[in-house]
Protein chains: 2
Amino acid sequence: MPAPTPASGESKSRRRAGRPMAAILDHAGITLAALELINKKGYDGLTMAALARTLGVAPSALYNHVASKDDVLRLVEEDLMSKVDFGGFRTLPWEDAVRQWAYSYRGIFARHTPLISVIAVLPVTDAPQTLSMYEAVTEGFLRAGFPEEQIIPCIVALEAYVFGAAFDANAPADIFDSGRLAESTPHFTSAVRSLGGESKSNYPSDLAFSMGLDALIAGFGALRH
Amino acid sequence: MPAPTPASGESKSRRRAGRPMAAILDHAGITLAALELINKKGYDGLTMAALARTLGVAPSALYNHVASKDDVLRLVEEDLMSKVDFGGFRTLPWEDAVRQWAYSYRGIFARHTPLISVIAVLPVTDAPQTLSMYEAVTEGFLRAGFPEEQIIPCIVALEAYVFGAAFDANAPADIFDSGRLAESTPHFTSAVRSLGGESKSNYPSDLAFSMGLDALIAGFGALRH
DNA sequence: GATATAAATGAATGCCATTCATTTATTGGT
DNA sequence: ACCAATAAATGAATGGCATTCATTTATATC
């Protein structure tokens, strides 16, 4: 029937030698289109049909390059991991490096919380970007004087905290509004009110993140020999 | 002809014998059936159709009692919250109460991670069980000598950690297997190996949780006046 | 006993991921 | 320059899903 319509993707190398067709579709292009779609329509808007349309292709064509939608999510996750800033572990004191890493990590995944359920269960085996982050962080901990057996648990705990905080980060401002049940929860209601929550962006989410991170850094820092 | 909303707390609508059929639909029954279904088939098995079948009813009948599937998830969440053990805040030293609360909280939600995305964005306004937990925890913090403005951030941080750790808790044992990329991540690979991971139940997840919780408790405990 | 109303039904609707037989385009071998 | 092999794209299914709606059934009230 009709030839594959030359899609308006971000194609640059269409005619190549050695490959079947040097097609419009490859992992990089799919990842980019998925990210674009997520940024524009959110994760609800990320459907295989929408992704295919973005790429100017039939939905079924995607399955020549990815095994499933989860596969697409894994591609996106790897891409995001490569954007997490762990550079401080080479240049900054350990405490500052951890702080910078955690803030960057949370900032990125706060807008990608649907990925967290995927990541948490995902073996790291075929995720080079993720692995290289772990390698850099591990090196930073070693350099800071941590005993080897303590490093992974510390990283796991910090990551858990970062992921949990990422969820909080896009909670609505009135999440702690006790409404008409306020009378039955006087202490809690008063504690919420004492925050004067209108001021900054994501009170109390941001303050909470900072406080918890400080506690973790202080507690873990004491493990160095 | 129209049967608008399920109506909130009408008290006398169903105490007589001889209902439409064998169906007993109300929030409590729906919640129970949903939990049963989740325990048996997991969250993938929790569909409106399956839920209806469990209750011996047509799927559309559910919508006389709940507005959506998300509504069902909210019911389940409230039920789980009522099972979190925060009793220590009345009887134990603050540190022990926090530890008991956090372990109980994590243990329950580790098997209900799909709910976490729902909870995090959910206003607490119409969630009495959740509110009563917050009230008890807030009281415990006050009694322990925390300044009122610090309490909510502390709770938020602890909750974030608990939720993140709940995800970790059902990660596969080989999640940190670096596979054939091991050579490019020597420090990380060695750190993972140094754990000797076969021994306990969920190494390093459990150890990590314990370590991070200790750090948070120590850090926050210093805020008391 | 009539009637209003709450609740259950079954048949749509539309969206979704995924599969598959078929077609098209490109390549490497000769 | 042809031919066979192959990678990739297509459109039409498939089955599952949440949700809606007009209709029917059963209950409760007056």
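Letters A, B, ... are given to chains in the order of the sequence lines, protein chains preceding strands, and every chain is numbered from 1.
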Roughly, in whole Å, what's the span from [atom1] in [X] to [atom2] in [N]?
X	N	atom1	atom2	answer
L55(B)	dT9(C)	CG	P	11 Å
D26(B)	dA6(C)	CG	P	16 Å
R53(B)	dA8(C)	CZ	C1'	18 Å
L62(A)	dT10(D)	CG	C1'	12 Å
I30(A)	dA8(D)	CD1	P	11 Å
Y43(A)	dC16(C)	OH	C1'	18 Å

Please list, chain by chain and in numerical order, all residues satisfying side-chain contact (heavy atoms from CB on, under 4.5 Å) with A61(B), sequence neighbours excluded.
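Per chain and number, A61(B) pairs via side-chain contact (heavy atoms from CB on, under 4.5 Å) with L25(B), V57(B).
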Side-chain N,O (H65(A)) to OP1/OP2 (dA7(D)) below 4.0 Å
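The answer is no; no side-chain N or O of H65(A) sits under 4.0 Å from OP1 or OP2.
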How would you list all residue pairs meeting side-chain hydrogen bond (donor to acceptor under 3.5 Å, both in side chains) that involve residues 164-173 of chain A, not counting sequence neighbours?
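For residues 164-173 of chain A, and leaving out neighbouring residues, there are no side-chain hydrogen bond (donor to acceptor under 3.5 Å, both in side chains) pairs at all.
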Assess whether one donor atom and one acceptor atom, taken from the side chain of N64(B) and the base of dA6(C), lie less than 3.5 Å apart.
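Check fails, no donor-acceptor contact within cut-off.
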Applying salt bridge (charged side-chain N to carboxylate O under 4.0 Å, His left out) as the test, list every pair that has at least one member in residues 122-134 of chain B; sequence neighbours left out.
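The answer is R180(A)-D126(B).
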Pair up each side-chain donor or acceptor in residues 104-111 of chain A with any protein partner under 3.5 Å, not counting sequence neighbours, and list the distances.
{"unit_1": "S104(A)", "atom_1": "OG", "unit_2": "D85(A)", "atom_2": "N", "d": "2.8"}
{"unit_1": "Y105(A)", "atom_1": "OH", "unit_2": "E159(A)", "atom_2": "OE2", "d": "2.6"}
{"unit_1": "R106(A)", "atom_1": "NH2", "unit_2": "D206(A)", "atom_2": "OD1", "d": "3.0"}

What does the list of N/O pairs under 3.5 Å between the protein and nucleotides 15-21 of chain D look like, with a distance for each?
{"unit_1": "dA18(D)", "atom_1": "OP1", "unit_2": "M48(B)", "atom_2": "N", "d": "3.2"}
{"unit_1": "dA18(D)", "atom_1": "OP1", "unit_2": "K69(B)", "atom_2": "NZ", "d": "3.1"}
{"unit_1": "dA18(D)", "atom_1": "OP2", "unit_2": "M48(B)", "atom_2": "N", "d": "3.0"}
{"unit_1": "dT19(D)", "atom_1": "OP2", "unit_2": "Y63(B)", "atom_2": "OH", "d": "2.8"}
{"unit_1": "dT19(D)", "atom_1": "OP2", "unit_2": "K69(B)", "atom_2": "N", "d": "2.7"}
{"unit_1": "dT19(D)", "atom_1": "O5'", "unit_2": "Y63(B)", "atom_2": "OH", "d": "3.4"}

Checking K41(A) now: which residues fulfil salt bridge (Lys or Arg N to Asp or Glu O under 4.0 Å) with it, not counting sequence neighbours?
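Expected list: none.
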So among S178(A), S184(A), S194(A), which one has a side chain to side chain donor-acceptor pair (under 3.5 Å) with T189(A)?
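Filter result, single survivor: S178(A).
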